[in-house]
Amino acid sequence: MNSCYFSMFPILFLVLLSSSWATLAQSHNKFLHCLSSFHSEDSSSISKVIYTPYNSSYSSILESSIRNLRFSEPDTPKPLVIVAPLHASHIQITIYCSRKHELQIRIRSGGHDYEGLSYTSEVPFVIIDLVNFRAIDVDVENKVAWVQSGATLGELYYGIAERSRTLTFPAGVCHTVGVGGYFSGGGYGLLFRKYGLAVDNIIDAQFVDTNGRILNRKSMGEDLFWAIRGGGGGSFGIVLAWKVKLVHVPATVTVFTVSKTLEQNATKLVHLWQYVAPKLPHDIFSSISFRKVNSSQDGQRTILASFHSLYLGEVDELIPLMQERFPELGLRKEDCTEMSWIESILYFRQIQNGTMDILLDRSYKTTLVGPSFKMKSDYVKEPIPETSFTGIWSKLYDVDAEFVGISFVAYGGKMDEIPETATPFPHRAGNLYKIIYNVGWKEKDNIKSQKYLSWIRNFYGYMSSFVSKHPREAYVNYRDLDIGLNNKGNTSFEQASIWGHKYFKKNFDRLVHVKTMIDPKNFFKHEQSIPPLFS
Ligand code: FDA
C-alpha cells in the first residue's frame, strides 16, 4: 500500500461520509413525503403527529419517556422522525413508508426498556411512540378490560379502581411502565403467585403486522397470539391493544417490611427464606431487597436485608400464618399495615403520603433504579448455601454508585401450575426465586459508566455457580444485551439462539417459527429480536 493511499484516505472518507449523509437526508425527505401523501379520512391529521429534529418539540417528545439516562447522551443515536399516532391508520402508513424507504421502526410504549431498544438504534430509524394510544375500557360486569399499549400500568390500575376496589389486573409495582412492553415480555408483579403473569391473563389483542393488516386473536391465529404474550417486544409487529381478564382482590390487604442487618442475623434468615418463601400460600407475595448501609458498629459497612410482603387478607390471619411458616422472622402486628390493594401499589413503590392520582403521573421518577442504570437477572433452582452469602455480600461493597442492590423475588404458587410452554415465558415450576441485579448512577456520571458496567458484569460472573445452568436463564423484560446480540443488519438463528434459549428455553424455536410466518423478511428487528429462519 503506498503513501498516496493514506493521503487520499481522509478525502475519500469525507466524500463517502457526505454522500451517506446526503443519502440519509434524501431518504428522510422521501419518507416524510410518503407519510404526508396519505390523505384518507382517518389519516388527515398525521402531519400533526410527526416530529423531526426541526420541530421545537422533537427533543421533549423524545426525552419524555427515556427511562434510562444511560441512553440520553449527545452521541446516543436519535430517530430521524418520531410519529405519535392518533389512529391505527397512522401506524399502517408509518409501516408502509418505513418499509418503502428502508427505515427501521422502533416501537415505544412506556420507554422502560433496560437497553433503550425502544428509542435507539444503530441504523437510521423512526420511533412510533404510542403515547396517544392509551384508552382503557373497563367492563366490571364481565370482569374484562381493553387497554391500549401506550397506557401505563398506573393508568390501568387507576382505570379499574375507579370502577371497582375489589377488581384489578395482576401487573407490576412501577406504575410508569408501559403496558405495551410489559405485556410483550411476560410481566410479573405483586399478584403473580396468586394469578400468574400479566400474559396469563390476556384473552385477546389488536395487532398490526408488517403488511399493515389489523388482526385480532381470531384472525392472527393461536401461534401468533401465543408469541406476542411473552416473546418480547419489537419482534412480530405492533400490538395496539390488549383484552385482559380482571382478577379479584380483597377490600383489605396487609403489607410489611422487616429489615435486618448482618449483625441482626440477616444471613441466616435469608438462607431460611429460600426454603420457606416459594412454598408460602398463593396469597402471599414475598421478596427481599439487599443494599449496603452504614452499620451502627463503628461506621462500618453492612448489608441490610429487607423482607417485603403483600398478603391478600387481614393482619390477624397473616400473623399466625407467618408464625407457623417463618417464625425466625419474628413478624409482629406492629410491623404490618392494612390498606387497600391500590394503596399497596404506592407502598411498594415507596411513595409516602401519595394519593391514587399519582398513578396517572407518567413522568414520575423512581428512586428505586437509575437515573442511569444497568440491570441483570437470574433464576435460582437450588438454595444457596448459607456460607456462600459472605462472598456475595462482600461483592456488594466493591463499588460506589448512586444505587447498588440485589433483590430476590419468590416464585412458586400459581407460577408452578402453569406449563412452561403455555406462553413464551418459560420460567415456571422448579424456580425458587428470581434475582435482580441493579447498579444505578447519576446522569453526570455516565462518563464513568464502564466502571459500573464492569462491576455488575463481574458480580454476575461471580453468581454463576449459584443460579440456573444450561441455559443460564434470564427474564426477557430485564433486557440484557450482554447475554448475546443479533448480527448487525442480519439475524442468524444460531447467533440468536445464544440469548434466545436463555430468555425462552425451548419456546425459542416456536418463536422463530412464528416470526418466519409473520415477518419472513425481518422488518421488525432490533439487537435481540426473534430472527426468522433463512434471514
Ligand atoms: P418500552 O416502550 O421501552 O418497550 C420495551 C420493548 O417492547 C421494546 O423493545 C419495544 O420496542 C417493545 N414494545 C413496546 N411497545 C410495544 C408494542 N405496543 N408492540 C410491540 N412491541 C412493543 N417488569 C416486570 O415484569 N415487573 C416489574 O415489576 C417491573 N418493574 C420495572 C420497574 C422499572 C423502573 C423499570 C425500568 C422496568 C421494570 N420492569 C418490570 C421491566 C419492564 O417490564 C420492561 O422494561 C418493559 O419492556 C417495559 O415496557 P415499556 O412499554 O415501558 O417499555
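From a predicted model like this one, the values you see are computed outputs, not experimental measurements. Counting starts at 1 for both ligands and their atoms, in listed order.
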Evaluating non-hydrogen atoms only, which member of [options] is closest to [atom]?
atom                    : options                        : result
atom 32 (C) of ligand 1 : Gly116, Cys174, Gly233         : Cys174
atom 9 (O) of ligand 1  : Asp113, Ile128, Leu240         : Asp113
atom 27 (C) of ligand 1 : Phe183, Phe236, Trp242, Tyr188 : Tyr188
atom 49 (O) of ligand 1 : Gly111, Gly181, Ala151, Gly185 : Gly181

Per the ring pair (Phe, Tyr, Trp, His ring centres under 6.0 Å) rule, which among Tyr188, Trp273, Phe285 passes with Tyr433? Trp273
Phe169 and ring pair (Phe, Tyr, Trp, His ring centres under 6.0 Å): which single residue from Phe192, Tyr157, Phe183 fits? Phe183
Proximal ligand 1 atoms for [X], defined as those under 4.0 Å from one of its heavy atoms:
X      : answer
Ile238 : 19 (N)
Gly178 : 49 (O), 50 (P), 51 (O), 52 (O)
Gly237 : 19 (N), 20 (C)
Gly172 : 28 (O)
Ser149 : 18 (N)

Shortest protein heavy-atom distance from [atom], along with the residue and atom involved:
atom                    : result
atom 41 (C) of ligand 1 : Asn477 O, 3.5 Å
atom 45 (O) of ligand 1 : His112 O, 3.2 Å
atom 19 (N) of ligand 1 : Val239 N, 3.1 Å
atom 29 (C) of ligand 1 : Tyr478 OH, 4.2 Å

Using distance alone, with no hydrogens and no angle criterion, decide if [X] and [Y] have a side-chain donor and acceptor under 3.5 Å apart.
X      : Y      : value
Arg99  : Thr210 : yes
Ser289 : His308 : yes
Asn446 : Ser449 : no
Ser109 : Tyr182 : no
His501 : Asp509 : yes

Between ligand 1 and [X], is the shortest N or O to N or O distance under 3.5 Å?
X      : value
Arg108 : no
Gly234 : yes
Val177 : no
Arg106 : no

Would you find a donor on one side and an acceptor on the other, under 3.5 Å apart, between the side chain of Glu343 and the backbone of Ser340? yes
Pair Lys448, Asp445 - check salt bridge (charged side-chain N to carboxylate O under 4.0 Å, His left out), show working. CA-CA 5 Å; Lys448 292 190 265 177; Asp445 289 335; 3.7 Å; yes
Do the side chains of Lys78 and Glu73 get close enough for a salt bridge, i.e. N-O under 4.0 angstrom? no
contact_flag Gly187 ligand 1 heavy-atom lt 4.0 Å: yes
Only one of Arg106, Arg479, Lys374 passes salt bridge (charged side-chain N to carboxylate O under 4.0 Å, His left out) with Glu115; say which it is. Lys374
Side chain, backbone, both or neither: which part of [X] has a heavy atom under 4.0 Å from ligand 1?
X      : answer
Leu130 : side chain
Tyr475 : side chain
Ser109 : both

Do the rings of Phe508 and Phe504 sit parallel, tilted or perpendicular, given the 30° and 60° boundaries? parallel
